[in-house]
Amino acid sequence: GRVNTTNDELFDAIGMKRGDPIITADLKKIRENIETLGWVDSARVERHFPKGLVVHLDERQALALYQSAEGHQVIDTNGAVIRGVKIEDFRHLPVISGTKADTKARGIIAILETEADLYNEVWSLAFRSERRWDVYLGDNIRIMLPEEDPLGAWQQLAKMDRQHKLTQRNTVNIDLRIPGQIIIKPDQPIKPKGSQT
């Protein structure tokens, strides 16, 4: 199960070297040491006579970059910070912000992923008043999702976007907070006919 945990980190946590007797190894202590490693969610350590110890890892999955008072932190699918990672390796993940956004991110990202084409344009999300989300696309379009049924609103937007290319226009706000409606605010106000430039 090792993907992101390095061999050196793992061997340091095990604290044994080749040739040490496995009969005296404290498996509970070894497991606890391994589970302190940043990427490790849980571990299982077994004696396999006569060959040695076998370690099974369940690693955390990086979900998003959480923007907090401490700066950007990589969080896993449960909202827990993954310690000891290089932030620059995870710039491809969406940035989330807002009170309790870290613990709510998994649900909203699962919703956004249902429309892959639109989700690919997402670069950040803000949790507003611990109730609803604003989603920002790469071209600085803000999509205001409703508190109730954000999935339905997101899918409605995706359908309209496929038909009318809403996110490819000069748009700054797409408000989906009123059920069944999409309110679009253009980047530049529309001038009435006959007005002077």
Side-chain angles (χ1 to χ4, degrees), residues 1-10 12-13 28-45 55-158 167 173-177:
R2 186 184 68 79
V3 176
N4 293 295
T5 306
T6 67
N7 271 326
D8 287 345
E9 289 174 320
L10 196 52
D12 286 347
K28 180 174 182 286
K29 180 64 174 173
I30 291 172
R31 177 181 56 78
E32 289 173 351
N33 288 346
I34 292 171
E35 288 179 348
T36 66
L37 300 175
W39 279 106
V40 177
D41 187 33
S42 64
R44 193 171 77 251
V45 183
V55 177
H56 301 270
L57 297 182
D58 286 319
E59 288 192 334
R60 303 179 194 280
Q61 293 182 339
L63 177 71
L65 293 176
Y66 179 47
Q67 185 176 338
S68 67
E70 291 78 33
H72 288 93
Q73 299 173 304
V74 180
I75 61 170
D76 68 9
T77 52
N78 293 317
V81 173
I82 302 175
R83 299 176 311 281
V85 301
K86 296 179 180 177
I87 299 298
E88 55 269 22
D89 292 341
F90 296 92
R91 295 293 182 195
H92 61 284
L93 296 177
V95 176
I96 62 168
S97 61
T99 304
K100 297 186 180 178
D102 51 344
T103 60
K104 301 291 185 180
R106 182 179 186 174
I108 190 63
I109 288 177
I111 285 172
L112 300 183
E113 287 177 334
T114 62
E115 298 292 344
D117 290 342
L118 204 50
Y119 178 66
N120 287 337
E121 302 301 318
V122 172
W123 69 272
S124 72
L125 302 93
F127 197 36
R128 303 296 186 191
S129 304
E130 299 181 31
R131 295 185 303 107
R132 58 164 211 86
W133 292 90
D134 282 351
V135 179
Y136 294 85
L137 305 187
D139 46 10
N140 213 28
I141 294 174
R142 177 173 71 160
I143 299 167
M144 305 166 74
L145 292 177
E147 182 178 1
E148 300 294 331
D149 193 22
L151 173 61
W154 183 248
Q155 291 178 334
Q156 179 191 17
L157 174 63
T167 61
N173 272 350
I174 299 176
D175 190 343
L176 305 173
R177 292 176 294 174

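Please read these numbers as outputs of a predicted model, since none were measured by experiment. Each residue takes its place number in the sequence, starting with 1.
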Salt bridge (charged side-chain N to carboxylate O under 4.0 Å, His left out): pairs with one or both residues in residues 107-132, sequence neighbours excluded: K100-E130, E115-R162, R128-D134, R131-E147, R132-D134

Flag side-chain contact, heavy atom, 4.5 Å: N7 against R2: yes

Gap separating the CG atom of L93 from the CD1 atom of I75, nearest 0.5 angstrom: 9.5 Å

Spacing of CD1 belonging to I82 relative to OG1 belonging to T77, to within rounding of 0.5 Å: 8.0 Å

Atom pair CZ/OG1 of F127 and T103 - distance to nearest 0.5 Å: 7.5 Å

Exercise: identify the closest heavy-atom pair between I87 and H72: CD1-O, 3.4 Å

Closest contact, heavy atoms only, S68 versus Q73: OG-OE1, 3.3 Å

R44 side-chain N/O to D58 backbone N/O, donor-acceptor pair under 3.5 Å: no

N/O donor-acceptor pair under 3.5 Å between W133 side chain and A126 backbone: no

Least distance between heavy atoms, I109 atom then P94 atom: CD1-CG, 4.0 Å

Rounded distance (nearest 0.5 Å) linking atom CG of D102 with atom CG of L65: 12.5 Å

Gap separating the CD atom of Q155 from the CG atom of L112, nearest 0.5 angstrom: 11.0 Å

Audit row: I111, L145, side chain to side chain contact (heavy atoms under 4.5 Å, CB included) steps and yes/no: CA-CA 11 Å; I111 285 172; L145 292 177; 5.7 Å; no

Shortest non-hydrogen separation from F90 to W39 and the atoms involved: CZ-CZ2, 3.4 Å

Close side-chain approach of R106 to N78, heavy-atom, < 4.5 Å: yes

CA sep, side-chain torsions, deciding dist, call: R60, N4, side chain to side chain contact (heavy atoms under 4.5 Å, CB included): CA-CA 9 Å; R60 303 179 194 280; N4 293 295; over 6 Å; no

Flag, side chain of E9 to backbone of L37, donor-acceptor distance under 3.5 Å: no

Residue pair V122 / L137: nearest heavy atoms and the distance that separates them: CG2-CD2, 3.9 Å

Heavy-atom pair with the smallest gap, counting every atom of L57 and A43: CD2-CB, 3.9 Å

Side chain to side chain contact (heavy atoms under 4.5 Å, CB included) between L176 and I143, intermediate numbers included: CA-CA 7 Å; L176 305 173; I143 299 167; 3.7 Å; yes

Pairwise distance CD1(I141) to CH2(W123) - rounded to 0.5 angstrom: 12.5 Å

Side chain to side chain contact (heavy atoms under 4.5 Å, CB included) between T5 and I34, worked out: CA-CA 10 Å; T5 306; I34 292 171; over 6 Å; no

Q61 atom CD, neighbour heavy-atom count above 12 within 6.0 Å: no

